[in-house]
K.L.:
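Got a structure here, written out as structure tokens. Questions coming.
Please read all numbers here as calculations on a predicted model, not as lab measurements. Order of listing sets the numbers, starting from 1, for every ligand and every atom in it.
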Amino acid sequence: MSVIFNQSIPGRRGVLLPERDVPEPPPLPAAYRRGTEAALCELSELDVMRHFIALSHRNHSIDTGFYPLGSCTMKYNPKALEVAARLKGFAGLHPFLPQLRYGGMLVQGALAVMYELEHLLCEITGMQAFTLQPLAGAHGELTGMMLVAAYHRHKGNAKTEVLIPDEAHGTNPSSAAIAGFTTRAIPTQPETGMIDLEALRAAMGRQTAAIMLTNPNTLGIFNRNIAEVVKIAHAHDALVYYDGANLNAILGKFRPGDAGIDVMHVNLHKTFATPHGGGGPGAGPVGVREHLADFLPISRVIKRRDNTYALNYDYPHSIGYIAPFYGNFGVLLRAYAYIQLLGREGLIEASENAVLNANYLMHGLKDVYDLPYDHPCMHEFVLSARHQVAHGVSAMDIAKALMDYGFHPPTVYFPLIVKESMMCEPTETESKETLDAFIRAMREIAARAASDPEALHAAPHTTSVSRPDELKAAKDMDFAYP
Ligand SMILES: *Cc1c(COP(=O)(O)O)cnc(C)c1O
């Protein structure tokens, strides 16, 4: 398909402007006028529509097919949430609507959603206060690390280092570093897939500000030693940060607050709906226990004595602004609607089905693909293409081949501690028939890897782009696909 500029026909129009019925404005001063015509496409409305619909069909999406992208929780989002997000009173919300004038009447609904969502998140996680401001998971981590820094500064603690397990998401060390800490990796125990407690004890010292723990971790394993980790950290006046991006696995089963976690973030866009393909949008609310609440970013939603809501900025110990206005309000609203729609029982069932689906897939594949950490998994699991590499077929080849079967590939080459890794997360919304079809495709690819490895090197054959130079595609915007 040609780019839209090539389809342009001089004089063709999608919109006809009415005759001007006001006096002609004075012309722009010559200095501000362009010397050449703007290079705009000239097309009919129908041509434009077909162009963009055709482009959208080149993308894989949850609405078009299975999307087991590990760690990303690409689950189906009930369309009822989109209806909620489009309600006029919410969609038309303006950041500068008056907070105080007219009793803040025009924003009461939005503030009530945020206030109630904060309390629902406290209930779900066992934390004592939440900020909804962070705009993504990584932004939540940064906020959390800023809270850790503020806490230690306030206590007069000279703390410089954050400990992070080697399987962690790359955003963890980045967030700690941006907040001013140095970081140190703690190894994962090969037998259990959990953080090595001996190594943790040895690394922990007066300099330790915090440990960042992802649970379930990126291997999809629940850390049963979490109470011990908390004990070790607290003995050194270090805080425990819980990366709860993947809360989807534990709703109603485990509350980080009950385990003594000090600060955590939740990815609303992975756990409580929101279509978040292509890098956004998201929200990464941060929950804290009592001793960190004073440092939370501003603004915070309060409920006044007359039961109306307001944004309050008066927190002298706050770390300040980390996002403007209401955060990513559309994402907050969808999360609120999702929680209300499913209710307590529904959320528990969602987590149980996410875990069941992942274990079902894992058992359907582990005899043909290597499973380096062979334990019951949570919402995801990590295979290795080690056996297939012996035939010259890599995780990348398998991922590419899957696209010819109409599936989005799993996350590949992450976590880094598994060679040729393929991280599969089916999510709770997929049927047994879809999971079976994926298992059949993966098994067929494994068989082809042994019988005809060459054929897999050229896959995919059915997509408009097959094997671009990924580095060039990311760095060079003018790069034309072959
Ligand atoms: C997705 C994820 C993040 C980052 O979240 P973003 O919203 O993509 O910034 C952090 N940690 C874990 C474990 C994740 O899965």
Side-chain angles (χ1 to χ4, degrees), residues 67-75 77 121 125 131-146 162 164-179 183 185-186 188 193-195 210-223 226 240-251 254 256 261 263-287 322-323 327-328 330-332 334-335 351 354 358 377-382 410-418 421 423-427:
Y67 206 143
L69 191 65
S71 195
C72 295
T73 318
M74 305 303 284
K75 64 189 187 182
N77 297 285
L121 292 177
T125 60
T131 172
L132 303 176
Q133 295 278 330
L135 305 171
H139 196 200
E141 293 168 28
L142 174 60
T143 305
M145 283 294 111
M146 289 165 73
V162 172
I164 303 172
D166 58 2
E167 43 70 27
H169 211 273
T171 51
N172 284 196
S174 316
S175 300
I178 295 172
T183 62
I186 307 296
T188 300
M194 290 183 251
I195 185 171
I211 165 159
M212 295 181 91
L213 199 73
T214 302
N215 194 32
N217 68 13
T218 62
L219 297 165
I221 293 173
F222 186 87
N223 190 335
I226 189 154
V240 185
Y241 185 95
Y242 187 101
D243 181 335
N246 299 306
L247 208 68
N248 201 39
I250 58 165
L251 294 170
F254 172 73
I261 299 299
V263 46
M264 69 177 294
H265 85 270
V266 178
N267 276 23
L268 295 187
H269 47 295
K270 291 178 184 170
T271 306
F272 303 110
T274 281
H276 64 280
V286 170
I322 51 115
N328 257 344
V331 180
L332 307 180
R334 285 182 181 86
S351 272
C377 66
M378 296 297 288
H379 59 300
E380 67 191 4
F381 59 95
V382 180
T411 298
V412 290
Y413 300 102
F414 178 79
L416 304 177
I417 57 172
V418 173
S421 60
M423 184 190 210
C424 304
E425 178 176 14
T427 80

K.L.:
Say whether, by atom type as modelled, one donor and one acceptor occur between the side chain of Asp243 and the main chain of Ala245 under 3.5 angstrom.
P.N.:
yes
K.L.:
Quick check on ligand 1: any N or O pairs to the protein under 3.5 Å? One line per pair.
P.N.:
unit_1   : atom_1 : unit_2 : atom_2 : d
ligand 1 : 5 (O)  : Asn267 : ND2    : 3.1
ligand 1 : 7 (O)  : Gly137 : N      : 2.8
ligand 1 : 7 (O)  : Asn267 : ND2    : 3.4
ligand 1 : 7 (O)  : His269 : NE2    : 2.7
ligand 1 : 9 (O)  : Gly137 : N      : 3.3
ligand 1 : 9 (O)  : Ala138 : N      : 2.8
ligand 1 : 11 (N) : Asp243 : OD1    : 3.3
ligand 1 : 11 (N) : Asp243 : OD2    : 2.6
ligand 1 : 15 (O) : Ser71  : O      : 3.3
ligand 1 : 15 (O) : Ser71  : OG     : 2.7
ligand 1 : 15 (O) : Asn246 : ND2    : 3.4
ligand 1 : 15 (O) : Lys270 : NZ     : 2.7

K.L.:
What residue among His139, Glu141, His265 forms side-chain contact (heavy atoms from CB on, under 4.5 Å) with Pro134?
P.N.:
His139
K.L.:
Please check: side-chain N/O of Ser421 versus main-chain N/O of Val412, any donor-acceptor pairing under 3.5 Å?
P.N.:
no
K.L.:
Please confirm whether the backbone N or O of Thr73 pairs with a side-chain atom of Glu425, one donor and one acceptor, at under 3.5 Å?
P.N.:
yes
K.L.:
Please step through side-chain hydrogen bond (donor to acceptor under 3.5 Å, both in side chains) for the pair Thr218 and Glu167, ending with a clear verdict.
P.N.:
CA-CA 6 Å; Thr218 62; Glu167 43 70 27; 3.1 Å; yes
K.L.:
About how many Å separate OG of Ser71 and NE2 of His169, when rounded to the nearest 0.5 Å?
P.N.:
4.0 Å
